[in-house]
Each structure stands twice: as structure tokens, then as C-alpha cells.
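First comes the structure, then the notes that go with it.
Letters go in sequence order (proteins before strands), and every chain restarts at 1. None of the values given here were measured: they were computed from a predicted structure.
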Number of protein chains: 2
Amino acid sequence: MNMAGIDAMCPERLLMEHVTSRWGTLVLIALLDRAHRFSELRREIGVVSEKMLAQTLRTLERDGLVHRDAKPVIPPRVDYSLTVLGHEAAEQVRGLARWTERRMAAVERAREAYDATRP
Amino acid sequence: MNMAGIDAMCPERLLMEHVTSRWGTLVLIALLDRAHRFSELRREIGVVSEKMLAQTLRTLERDGLVHRDAKPVIPPRVDYSLTVLGHEAAEQVRGLARWTERRMAAVERAREAYDATRP
DNA sequence: CGGCATCCCAGATGATACTG
DNA sequence: CAGTATCATCTGGGATGCCG
């Protein structure tokens, strides 16, 4: 265990991987805006397979970050929203996302400088 | 492109994957404390292969987050430290890490409740 | 000591088809 | 509409060996 209390395979790291996973981040950020139906999330996220979206939502629901509200109607309607816990997670993730936006240009300059100095 | 300006394969997402990757997070948090040699990072992180640590460090260096200082001595000595950009990234990541520590117990209760309601 | 090159595999992800 | 099931593919990551 290192100084931050996070090691390679501790429970905290697994939770962190759920919220920072490719689809986890996009789901959390989309839900930070408002509740979404399954198909709305698919459209908003862009290209994501049904399987991965369903799997991601189930993981986040199990962790208590996302609330699933399945209405007993035909055709089915399922709404996903953030819990209080999920809202906190989403804000952390959004902070990271916003940082990447602010600093993307600087990072790309750094890459060009790095690449320019070698084969 | 969704509302957060982040989609599945944009440059921002790649950058985010670098900083939130399994080894990226641990390296950034370790360097937030102080500069480390390669072998110090290996020990501090715990179980990490040389390959992944080297690869992670190269990626973070290329992104301009980590500074690599190779001293021309024998035996070789290489020190890694955070750049200003890297310090910002590391603080975001540490924020996420601290959140997982604060909320881990609540998440585990949520999982038990979830698991208790099905096969 | 601090790497890089190679091979290999489990697990993550995608594609497609099917269902309540 | 909102999934599940199955099969195929891709890739992060470990193991090993070599080198300046």
C-alpha cells in the first residue's frame, strides 16, 4: 500500500476503474446533466455497443452510483439517473474531463516537442 | 460529441486514459509526493512489471506531464518528477482517489444491497 | 540500473442474432 | 424498447531475455 492509500488491486482501485472506464465516464457525465433513457444514452454517447452500455450501467448501479427506474409499461421504459453518491463521482470525473479540455493544446505541443527530438 | 465535449475516441479521452490508467494514476500520485527514481517507483507502487512502468512513464513524459532526468553516470540514474501540467493532472487524480477512499464503505453497502435482491 | 524487443494470454470490447 | 446470449476480435499487461 502506498502513500495515497491506493495500490494496484485494492477495492478503491476497482471502484476508480468503474468510474473512469471508457463508458463509465461518458455515462456519468451525461447523467450529470439530466436523467436519460437507455436509448438516449446510446445516442448521446455516440458509438457504444448495447452490450457495453448495459454492462456499464449495471456495474454503476451495483456500486450505488446510478439509479435504475424500470417502468412496467409496453413498450418498456427505463430511466437512469445519478444517486447522491453518483453525483459526487460524476463531478470528480467531470473535473478531470474539463482539465483535459483546458490543457489539451499544451499536451499536444509537448508531444510535438517530444517527437521532434527522436526518430 | 456530447455535452461535456468528450466522446469515445477524441484526443481528450486518450489523454484522460493516460492519466487514469492503472499505472498512470499510481505514478502521478507517487510523484505528487516527491521525485522518484525508476526503481523507487517500482517499489512504491508494489507489483508492476518493468515494461508497464517504463511504458507508462514514456507516455506521461510525451504528454508533458512527467519530466525525465537521466544522469550520465554509471550505474545509470534516472529521476522522474512532475511538470506543472503533470502536477495539475495528479491533483485531479488524487481528488478521485480520495473520493473512492471516503465513499468506499457506502459503495460496498450498496453492492451488498444490490446482490441481496437477486440470484 | 534502467531500460527495450519479443512472445503470449486473459479479459475487455465489438458484432450479430434473439427475446420479453 | 431495453435488454441477453453467443461468438469473434483486439489489446493491456505479464514473462522472459538481451543490452549500454
Side-chain angles (χ1 to χ4, degrees), chain A residues 7-9 13-27 30-31 35-63 66-81 114-115 117-119, chain B residues 7-10 13-27 30-31 35-63 66-81 114 117-119:
Chain A
D7 75 33
M9 284 318 281
R13 161 133 290 272
L14 281 179
L15 173 56
M16 190 144 155
E17 294 198 346
H18 294 169
V19 316
T20 64
S21 68
R22 186 191 309 302
W23 310 119
T25 57
L26 298 177
V27 165
L31 294 183
H36 283 67
R37 301 181 60 173
F38 187 86
S39 53
E40 290 175 336
L41 283 172
R42 278 206 79 178
R43 277 192 301 277
E44 172 126 356
I45 289 178
V47 187
V48 55
S49 63
E50 292 176 358
K51 191 182 90 170
M52 289 315 300
L53 182 55
Q55 192 176 109
T56 300
L57 285 167
R58 229 179 314 117
T59 300
L60 296 178
E61 186 196 359
R62 178 166 184 269
D63 285 349
V66 160
H67 173 68
R68 180 174 184 275
D69 181 18
K71 276 138 186 154
V73 297
I74 295 186
R77 178 190 177 104
V78 182
D79 287 280
Y80 291 94
S81 54
Y114 181 94
D115 294 343
T117 64
R118 38 216 111 188
Chain B
D7 74 33
M9 285 319 278
C10 62
R13 161 133 289 275
L14 281 178
L15 173 57
M16 189 144 157
E17 294 198 345
H18 295 169
V19 316
T20 64
S21 68
R22 183 189 310 294
W23 311 118
T25 56
L26 298 178
V27 165
L31 294 183
H36 283 67
R37 299 181 62 173
F38 188 85
S39 51
E40 289 176 335
L41 282 173
R42 277 206 80 179
R43 277 193 299 276
E44 171 125 357
I45 288 178
V47 187
V48 56
S49 64
E50 292 175 0
K51 189 183 98 171
M52 289 316 299
L53 182 55
Q55 192 179 108
T56 299
L57 286 166
R58 226 181 316 116
T59 300
L60 295 178
E61 185 196 0
R62 180 168 182 265
D63 285 349
V66 160
H67 173 68
R68 179 175 185 275
D69 180 18
K71 276 140 186 154
V73 296
I74 293 186
R77 178 188 174 104
V78 182
D79 286 281
Y80 292 94
S81 55
Y114 180 95
T117 64
R118 38 215 112 189

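How far CG of B:Leu53 is from CZ of B:Phe38: 4.0 Å, rounded to the nearest 0.5 Å. For the atom pair CG (A:Leu41) and CG (A:Leu26), the distance works out to 10.0 Å, reported to the nearest 0.5 Å. For the atom pair CE (B:Met52) and CG (B:Leu57), the distance works out to 10.5 Å, reported to the nearest 0.5 Å. Here the straight-line distance linking atom NZ of A:Lys71 with atom CG of A:Asp79 works out to 4.0 Å at 0.5 Å rounding. Residue B:Gln55 holds its CD atom at 10.5 Å from CG of B:Leu60, rounded to the nearest 0.5 Å. Rounded to the nearest 0.5 Å, atoms CZ (A:Arg62) and NE2 (A:His18) are 8.0 Å apart.
For DNA chain D, the outermost nucleotides in 5' to 3' order that have an atom under 4.0 Å from a heavy atom of chain A are D:dC1 to D:dT6.
Rounded to an integer number of Å, the gap from A:Leu14 CG to C:dG11 C1' is 14 Å. One atom, CD1 of A:Ile45, and another, P of C:dT13, lie 13 Å apart when rounded to the nearest Å. Note: CG (B:Asp79) to P (C:dG2) measures 8 Å, nearest angstrom. Rounding to whole angstrom units, CG of residue B:Leu53 and P of C:dG3 are separated by 8 Å. Rounded to whole angstrom, the span from the CH2 atom of B:Trp23 across to the P atom of C:dG3 amounts to 17 Å.
A:Arg42 comes within 4.0 angstrom of nothing in the nucleic acid, heavy atoms only.
In the model, A:Thr56 has no side-chain atom that pairs as donor or acceptor with a side-chain atom of A:Arg22 under 3.5 Å.
Between B:Arg37 and C:dG2 there is a side-chain N or O to OP1 or OP2 distance below 4.0 Å.
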Go along nucleotides 15-20 of chain C 5' to 3' and tag each nucleotide: B for a protein heavy atom under 4.0 Å from its base, S when only backbone or sugar atoms are that close, - otherwise.
B-B--B

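Contact record, B:Ser21 with A:Arg13: O-NH2, 4.1 Å, taken as the closest heavy-atom pair. Here the shortest heavy-atom pairing between B:Glu40 and B:Ala35 reads OE1-O, 4.2 Å.
Residues from residues 54-63 of chain B with heavy atoms under 4.0 angstrom of DNA chain D: there are none.
Helix bend of the helix from C:dC1-D:dG20 to C:dG20-D:dC1: the angle between its two end axes, each built from five pairs, comes to 50° after rounding to 10°.
With sequence neighbours left out, the salt bridge (charged side-chain N to carboxylate O under 4.0 Å, His left out) criterion links B:Arg42 to B:Glu50. Looking at residues two or more places apart in sequence or on another chain, you find a side chain to side chain contact (heavy atoms under 4.5 Å, CB included) between A:Arg68 and A:Glu61, A:Ala70, A:Val78, A:Tyr80.
Two residues, B:Ser39 and A:Ser21, neighbour DNA chain C, and the one matched to the more 5' nucleotide by heavy-atom proximity is B:Ser39.
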